[in-house]
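Below: the structure, in structure tokens.
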Amino acid sequence: MSKQVGLRGKTWFQALTSVNSPMGGDPGSVLTADARLGEDTARFLCVVPDPKARFPCVRRGEVGLEEAYTLATRVSEVIDHSENVKKRPIVAIVDVKSQAYGRREETAAIFLAAATAADAYASARMKGHPVIALIVGHAFSGGFLTHGYQANRILAFDDDDIVIHAMHKEAAARITLRSVADLDRLGHEVPPMSYDVRDYAKLGLLHKLLHIQDPDTPAPATVAQIQKELIDAIADARAGSTDLRNRLESKGAREMRKAGLAARAYMEKQWSGD
């Protein structure tokens, strides 16, 4: 199964940008670089493990205070420098364990830090920047909400090491008073409970599942394949709306999330007073 969370993210960040170190002044856990994608110069961002991080709860690839505020800063730079020019793409390479759980983080309001990063991504998207999330590993909980979930389009590798979920399997088993084996069995019967990315894809939230060879050691041909997929996703995002209605109107959503869509419609009706 999967290697250390974050290492695949770092591998793909370097493969797509030829950069393997943070920008000046940034923590070692956040990588940012600008690299060509077709006719664009895209900004790439990735959260990676940093054994030397001063906050212990982020040393294995979690998104903490410094990570969230750094992401917000680097995304906001793109917005600030693109007022009167073509809106630059932003690519979030996602391989995150979760948000950081710790007393320091809670005391210093990690919820506010996470919201700041999510707001920066959402603001970029709504101002016309194509925001693409490329999930190359794990995308868990508040880590994914902070880094990647506000994207116009979400791409993910079709690979057993890809996991997109609200909660780690062991924690979910404790909360639901079930065994991990029970969760695995139920996941294939109830797709929202599944930890298999192929089941997640049925919900209509992904733009595309990407079939590639050896995602842990990307060959030049594989990198070129992913670059093309990113370019296509950027073009698709530019041709669509800046909101996230595509996740509600997709074929998968209409088929697999009927109850949720009905509840949403009912609440909107109540809210509008109709």
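The closest donor-acceptor contact from the side chain of Glu106 to the backbone of Arg103 lies at 3.5 Å or more, if one exists at all. For Thr217 (side chain) and Asp214 (main-chain N/O), no donor-acceptor pair under 3.5 Å exists by modelled atom type. The backbone N or O of Val131 lies less than 3.5 Å from a partner atom in the side chain of Asn152, making a donor-acceptor pair.
At a threshold of 4.5 Å between non-hydrogen side-chain atoms, the residues Ile231 and Glu39 do not count as touching. Side-chain contact check for Val30 versus Thr32: some heavy-atom pair is nearer than 4.5 Å. Put simply, the side chain of Val96 does not reach to within 4.5 Å of the side chain of Glu62, judged on heavy atoms. Contact check for Leu71 versus Thr116: no side-chain heavy atoms found under the 4.5 Å cut-off. Within the 4.5 Å cutoff, the side chain of Ile164 has heavy atoms near those of the Ile135 side chain. Counting heavy atoms from C-beta on, the side chains of Pro130 and Ile90 never come closer than 4.5 Å. Side-chain contact between Arg125 and Gln150 is present, with at least one heavy-atom pair separated by less than 4.5 Å. Taking the side chain as every heavy atom from C-beta outward, Leu45 and Arg43 approach each other to under 4.5 Å.
Residue Ala68 comes nearest to Ala117 through the heavy atom pair O-CB, 3.4 Å, listed as atom of the first residue, atom of the second, then distance. Nearest heavy-atom pair, Ala114 versus Thr146, reported as atom, atom and distance to 0.1 Å: CB-OG1, 3.2 Å. Considering every non-hydrogen atom in both Ala92 and Gly148, the closest pair reads CB-CA, 4.1 Å. In terms of heavy atoms, Ala151 sits closest to Leu244 at O-CD2, 3.4 Å. Among all heavy-atom pairs drawn from Ala156 and Ile162, the shortest one is CB-CG2, 4.4 Å. Of all heavy-atom pairs between Ala120 and Ile79, the closest is O-CD1, 3.8 Å.
With values rounded to the nearest 0.5 angstrom, Asp216 atom CG is found 10.0 Å from Trp12 atom CH2. Ser21 contributes atom OG, which lies 9.0 Å from atom CD of Gln14 (distance to the nearest 0.5 angstrom). The NZ atom of Lys202 sits 15.0 Å away from atom CZ of Arg257, with the distance rounded to the nearest 0.5 Å. Interatomic distance, NE2 of His81 versus OG of Ser76, reported as 10.5 Å (0.5 Å rounding). Distance check: Arg60 CZ to Ser29 OG gives 14.5 Å after rounding to the nearest 0.5 Å. Summarising the geometry, atom CG belonging to Asp95 is positioned 9.0 Å from atom NE2 belonging to His147; distances are rounded to the nearest 0.5 Å.
Taking a cutoff of 4.0 Å between a charged side-chain nitrogen and a carboxylate oxygen, Arg174 and Glu170 do not qualify as a salt bridge. Between Asp34 and Arg74, none of the side-chain N atoms (NZ, or NE/NH1/NH2) sits under 4.0 Å from a carboxylate O, so this pair counts as no salt bridge. Under the 4.0 Å criterion applied to side-chain N and carboxylate O atoms, Asp232 and Lys208 are not assigned as salt-bridge partners. Salt bridge absent: Asp50 and Lys52 never bring a charged side-chain N and a carboxylate O closer than 4.0 Å.
Arg104 CZ: 12 or fewer foreign heavy atoms inside a 6.0 Å radius. Counting non-hydrogen atoms of other residues, nucleotides and ligands closer than 6.0 Å to CZ of Arg36 gives a total above 12.
Test Leu206, Val94, Leu210, Val136 against Leu155 for side chain to side chain contact (heavy atoms under 4.5 Å, CB included) and you get one pass: Leu210. Tested against Ser179 for a side chain to side chain contact (heavy atoms under 4.5 Å, CB included), the candidates Thr176, Leu177, Asp182 yield a single pass: Asp182. Partner of Asp40 under the side chain to side chain contact (heavy atoms under 4.5 Å, CB included) criterion, chosen from Lys87, Arg88, Lys86: Lys86.
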Exercise. Do Val19 and Phe44 pass the side chain to side chain contact (heavy atoms under 4.5 Å, CB included) test, and can you show the C-alpha distance, the side-chain angles, and the key distance before you say yes or no?
Worked result: CA-CA 10 Å; Val19 173; Phe44 290 79; over 6 Å; no
For this session: Any chance you could lay out the side chain to side chain contact (heavy atoms under 4.5 Å, CB included) test for Val163 and Tyr200, step after step, and finish with the verdict?
Result: CA-CA 9 Å; Val163 185; Tyr200 185 87; over 6 Å; no
For this session: For side chain to side chain contact (heavy atoms under 4.5 Å, CB included), just list the numbers for His138 and His165, CA-CA rounded to whole Å, side-chain angles, deciding distance to a tenth of an Å, and then say yes or no.
Result: CA-CA 8 Å; His138 286 186; His165 214 281; over 6 Å; no
For this session: Assess whether side chain to side chain contact (heavy atoms under 4.5 Å, CB included) is satisfied between Arg153 and Asn246, documenting all intermediate values.
Result: CA-CA 9 Å; Arg153 303 290 184 268; Asn246 59 299; 3.6 Å; yes
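Geometrically, Arg247 engages Tyr149 in a cation-pi contact, judged by NZ or CZ lying under 6.0 Å from the ring centre and within 45° of the ring axis.
Neither Tyr121 nor Met126 shares a network with the other; the hydrophobic side chains, linked directly or stepwise wherever heavy atoms of I, L, V, M, F, W or Y lie under 4.5 Å apart, form separate groups for each. Cluster annotation: Tyr69 is not connected to Met23 through the hydrophobic network of ILVMFWY side chains, with a link wherever side-chain heavy atoms come within less than 4.5 Å. No path of Ile, Leu, Val, Met, Phe, Trp and Tyr side chains, each step under 4.5 Å between heavy atoms, connects Val47 with Phe55, placing them in separate hydrophobic clusters. Linking ILVMFWY residues whenever their side-chain heavy atoms come closer than 4.5 Å, directly or via other members, leaves Leu248 and Ile154 in distinct clusters. Linking Ile, Leu, Val, Met, Phe, Trp and Tyr residues whenever their side-chain heavy atoms come within less than 4.5 Å places Ile212 and Ile93 in a single cluster.
Using modelled atom types and a 3.5 Å distance limit, the side chains of Thr222 and Gln213 yield no donor-acceptor pair. Side-chain atoms of Gln99 and Ser141 form a donor-acceptor pair, as typed in the model, at a separation below 3.5 Å. Side chains of His211 and Asp158: a donor-acceptor N/O pair is present below 3.5 angstrom, by distance only. With no hydrogens or angles considered, no side-chain donor-acceptor pair links Ser194 and Asp196 at under 3.5 Å.
Two rings, from Tyr266 and Trp271, have their centers 6.0 Å or more apart.
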